[in-house]
Amino acid sequence: MTYLVKKLKSFANDTKGNITVEAVIIMPLLFWAVAAMAIFFDVYRTKSKADKAAFTISDMLSRETNSITPDYITNTRTLFDAMTGYSSTYEPVDPGDPFSGYVDDGTGMRISVITWNEDESEYELEWSKERGDDFVALTAGDLPALADRLPNMADQDAVILVETYNTYEPVLDVGLGSTEISTFVFTRPRYAPQLPFDSST
């Protein structure tokens, strides 16, 4: 009995192999922590790229003095895809349908021109166009819900609203899952009082 007790005490006091056991426990947690930090940083990087792309497109539209066409809207979304690193292809099939031939890559864009009517004390929608499956064109009935997010404007002043959407898919599964990234950017036209849309071209 004494021999067995001595062996048990010796086993309890034996510290050989502790580093191996601790490494087996800690290393997976350490690898997960490093991977999680990299993924979280990449999410913020992707969000930053989407913000910069939306601001660039908004600024580009604000400098236009000619009418915006359906092809212009389509190419603007292609520009957004290129700036954010998404691949998109566009091979027109039907010249009368700007959506034909466009391979949806999970991004979306909506461009709208909104004015302020001082007499009615309300925003008015001039036009709204979308690309991608994540948006539908705005209607006049949608504007009250956006009123808190739109700027204060003078009577008949216009603002160009650019909204974008894309999804971040992490390379490694660290529990984050897919992350939806959206932007909401508005800019006042710089060189013209309005930004008209011409669907005939």
Presence of salt bridge, Asp59 and Arg190, under 4.0 angstrom: yes
Basic-acidic side-chain contact under 4.0 Å: Glu130, Arg110: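 Not counted as a salt bridge, because no side-chain N and carboxylate O are separated by less than 4.0 Å.
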Criterion side-chain contact (heavy atoms from CB on, under 4.5 Å) on Leu150 and Tyr123, from CA distance to verdict: CA-CA 9 Å; Leu150 294 172; Tyr123 293 100; 3.7 Å; yes
Rounded to the nearest 0.5 Å, what separation is found between the [atom1] atom of [X] and the [atom2] atom of [Y]?
{"X": "Glu124", "Y": "Thr115", "atom1": "CD", "atom2": "OG1", "result": "5.0 Å"}
{"X": "Asp42", "Y": "Tyr168", "atom1": "CG", "atom2": "OH", "result": "3.5 Å"}
{"X": "Ile181", "Y": "Lys49", "atom1": "CD1", "atom2": "NZ", "result": "9.5 Å"}
{"X": "Thr179", "Y": "Phe40", "atom1": "OG1", "atom2": "CZ", "result": "8.5 Å"}
{"X": "Trp127", "Y": "Ser199", "atom1": "CH2", "atom2": "OG", "result": "11.0 Å"}
{"X": "Asp71", "Y": "Asn75", "atom1": "CG", "atom2": "CG", "result": "6.0 Å"}

Counting C-beta onward and ignoring hydrogens, is there a side-chain heavy-atom pair between [X] and [Y] closer than 4.5 Å?
{"X": "Asn166", "Y": "Phe80", "value": "yes"}
{"X": "Phe197", "Y": "Thr69", "value": "no"}
{"X": "Ile57", "Y": "Leu79", "value": "yes"}
{"X": "Arg63", "Y": "Tyr191", "value": "yes"}
{"X": "Ile73", "Y": "Arg131", "value": "yes"}
{"X": "Leu138", "Y": "Leu161", "value": "yes"}
{"X": "Leu143", "Y": "Ile114", "value": "yes"}
{"X": "Leu61", "Y": "Ile111", "value": "yes"}

Counting N and O atoms only, with roles assigned by atom type, does the side chain of [X] sit under 3.5 Å from a partner on the main chain of [Y], one being a donor and the other an acceptor?
{"X": "Asp142", "Y": "Thr139", "result": "yes"}
{"X": "Ser112", "Y": "Ser128", "result": "no"}
{"X": "Thr56", "Y": "Lys52", "result": "yes"}
{"X": "Thr74", "Y": "Pro70", "result": "yes"}

Phe184 vs Leu146, side-chain contact (heavy atoms from CB on, under 4.5 Å): CA-CA, chis, key distance, verdict: CA-CA 11 Å; Phe184 187 94; Leu146 297 176; 4.1 Å; yes
Contact list for residues 149-158, test side-chain hydrogen bond (donor to acceptor under 3.5 Å, both in side chains), sequence neighbours left out: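 Found Asp157-Arg188.
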Candidate pair Met60 and Thr76, rule side-chain contact (heavy atoms from CB on, under 4.5 Å), full reasoning: CA-CA 10 Å; Met60 176 184 73; Thr76 299; 3.9 Å; yes
Single-linkage hydrophobic cluster Phe186~Leu125, side-chain heavy atoms < 4.5 angstrom: yes
Shared hydrophobic cluster for Ile68 and Val113 (ILVMFWY, side-chain gaps under 4.5 Å): yes
Pair Asp81-Thr107, side chain to side chain donor-acceptor pair (under 3.5 Å): steps then yes or no: CA-CA 7 Å; Asp81 290 347; Thr107 66; 2.7 Å; yes
At their closest point, which heavy atom of [X] faces which heavy atom of [Y], and how far apart are they?
{"X": "Met153", "Y": "Glu118", "result": "O-OE1, 4.5 Å"}
{"X": "Val185", "Y": "Ala54", "result": "CG2-CB, 3.8 Å"}
{"X": "Ala192", "Y": "Pro189", "result": "O-CB, 3.1 Å"}

Evaluation steps, side chain to side chain donor-acceptor pair (under 3.5 Å), between Thr187 and Ser58: CA-CA 6 Å; Thr187 309; Ser58 180; 2.2 Å; yes
Aromatic ring pairing Tyr165/Phe135, orientation class (parallel under 30°, perpendicular over 60°, tilted between):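 Rings of Tyr165 and Phe135: perpendicular, as their planes differ by over 60°.
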Greater than 12 external heavy atoms within 6.0 Å of Phe55's CZ: no
